[in-house]
*Asks:* 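Submitted below is the structure of interest, expressed as structure tokens.
This one's a predicted model, so the numbers in the text were calculated from it and none came from an experiment.
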Amino acid sequence: MRATVKDVARRAGVSPKTVSNVMNGIVPVSGPTRLRVEQAMQELDYVPNLSARGLRNGRSGVIGLALPNLGTPFSAEIAQCVVEVAHAQGWSVQIEETGSDPHREQELMTRARANLIDGLILNPVVLNESAVRVGVALPPVVLLGEVSQELADRVYVDSFAAARDMTLALARPGRRRIAVLGINRGRQSATAIQRTQGYEAALQSLGIPRDETLMIACEEWTPGSAADSLMQYLDSHPVPEALFCFTDSMALGALNALWKRGIRVPDDIAVAGFDDIADGRFAVPSLSTVSFDKRAIAAEALRLLIERMADRSHPQRVVSVPYTIEERGSSR
């Protein structure tokens, strides 16, 4: 027979209401109690009956996760964390790719308003193009990333401060010709803007003049595009002393381009990225990066979304997830 909430409660030594609180994630439950309930659920092979729960509370039991590009390692790691955190609380996750298209963002919010999904975790890219704007009726939604506004709850890493600190770390051994890879010349993302500003702030604090020739454009933040951009740059410019790439994916492409040119890392040039994807730790040399807890991002986003679904009237909340500068073989 299929295990019930009462069976789980009996096994864990708690009330059925406590089991529901663990699954729904709305009412806080102590760590030891949550662990006992989750262990009981696993032992009994308990699966939440989302259809029955939906009939009781008018919910589908499904939340949406919308990311700009599902093909990147960073997106894959974030998606995995969101799915794991959500599943532990009895939620299913519908994953979508927006392609940085505000029309796709709008379609997903329409689904949420129509109760096809209960809420949405969204990673918009460009502030003035985002579907989250004044005059639009918002479903329960939490934003990820740098797009800042006063309408929706948000979870982010301080890209400005992190880019500044990484640039300062690259400069610490006395390097002054520090290039940056990932500048958007056309449609500027909020991420690119903030990381560029952080890089420039670090140079200013060091008394290093801003040098346009060290700001390398790369419209698509992929390894291939980064490698191509850096190759073209090196055709007409001397090798910088250091290179700060706006993502780890771009940094991996840059390492490949430098290897093909016979340029040694870190002997001839130091290289660093941003995001601390797993692939970067296994690069040769291992990649210096801005690191942060992706599971914490997922947990905070889900917490804010669940609380927003329970009460849409409370003020906007913004959560900043801390970061660290990880100096590894590519910059030491």
*Asks:* Under 3.5 Å, is there a donor-acceptor pair linking the side chains of Asp7 and Thr4?
*Replies:* yes

*Asks:* Are side-chain heavy atoms of Arg308 and Val141 found at a separation under 4.5 Å?
*Replies:* no

*Asks:* Among side-chain atoms of Glu43 and Gln39, is any donor-acceptor pair under 3.5 angstrom?
*Replies:* yes

*Asks:* Please enumerate all residues that pass side-chain hydrogen bond (donor to acceptor under 3.5 Å, both in side chains) together with Arg332, with sequence neighbours excluded.
*Replies:* none

*Asks:* Closer than 4.0 angstrom, basic N to acidic O: yes or no for Arg164 and Glu200?
*Replies:* no

*Asks:* Classify the ring geometry of Tyr233 against His237: parallel below 30°, tilted from 30° to 60°, perpendicular beyond 60°.
*Replies:* parallel

*Asks:* Counting only heavy atoms from other residues, nucleotides and ligands, does the tally under 6.0 Å from CD of Glu220 exceed 12?
*Replies:* no

*Asks:* Using only heavy-atom distances, determine whether the side chains of Thr289 and Glu326 contain a donor-acceptor pair under 3.5 Å.
*Replies:* no

*Asks:* Can a side-chain donor-acceptor contact be found between Tyr323 and Asp276 if the only test is distance below 3.5 angstrom?
*Replies:* no

*Asks:* Under 3.5 Å, is there a donor-acceptor pair linking the side chains of Thr72 and Ser75?
*Replies:* yes

*Asks:* Tell me whether Arg261 is salt-bridged to Asp268, with the criterion being a basic N under 4.0 Å from an acidic carboxylate O.
*Replies:* no

*Asks:* Check whether the side chains of Ser286 and Arg281 place a donor and an acceptor atom closer than 3.5 Å, and report yes or no.
*Replies:* no

*Asks:* When the ring planes of Phe274 and Phe292 are compared, do they come out parallel, tilted or perpendicular, using 30° and 60° as the limits?
*Replies:* tilted

*Asks:* Between Val290 and Asp275, does the side-chain contact (heavy atoms from CB on, under 4.5 Å) criterion hold? Intermediate values first, please.
*Replies:* CA-CA 6 Å; Val290 175; Asp275 291 334; over 6 Å; no

*Asks:* Can you check whether Ile297's main-chain N or O pairs, donor with acceptor, with Tyr156's side chain at less than 3.5 Å?
*Replies:* no

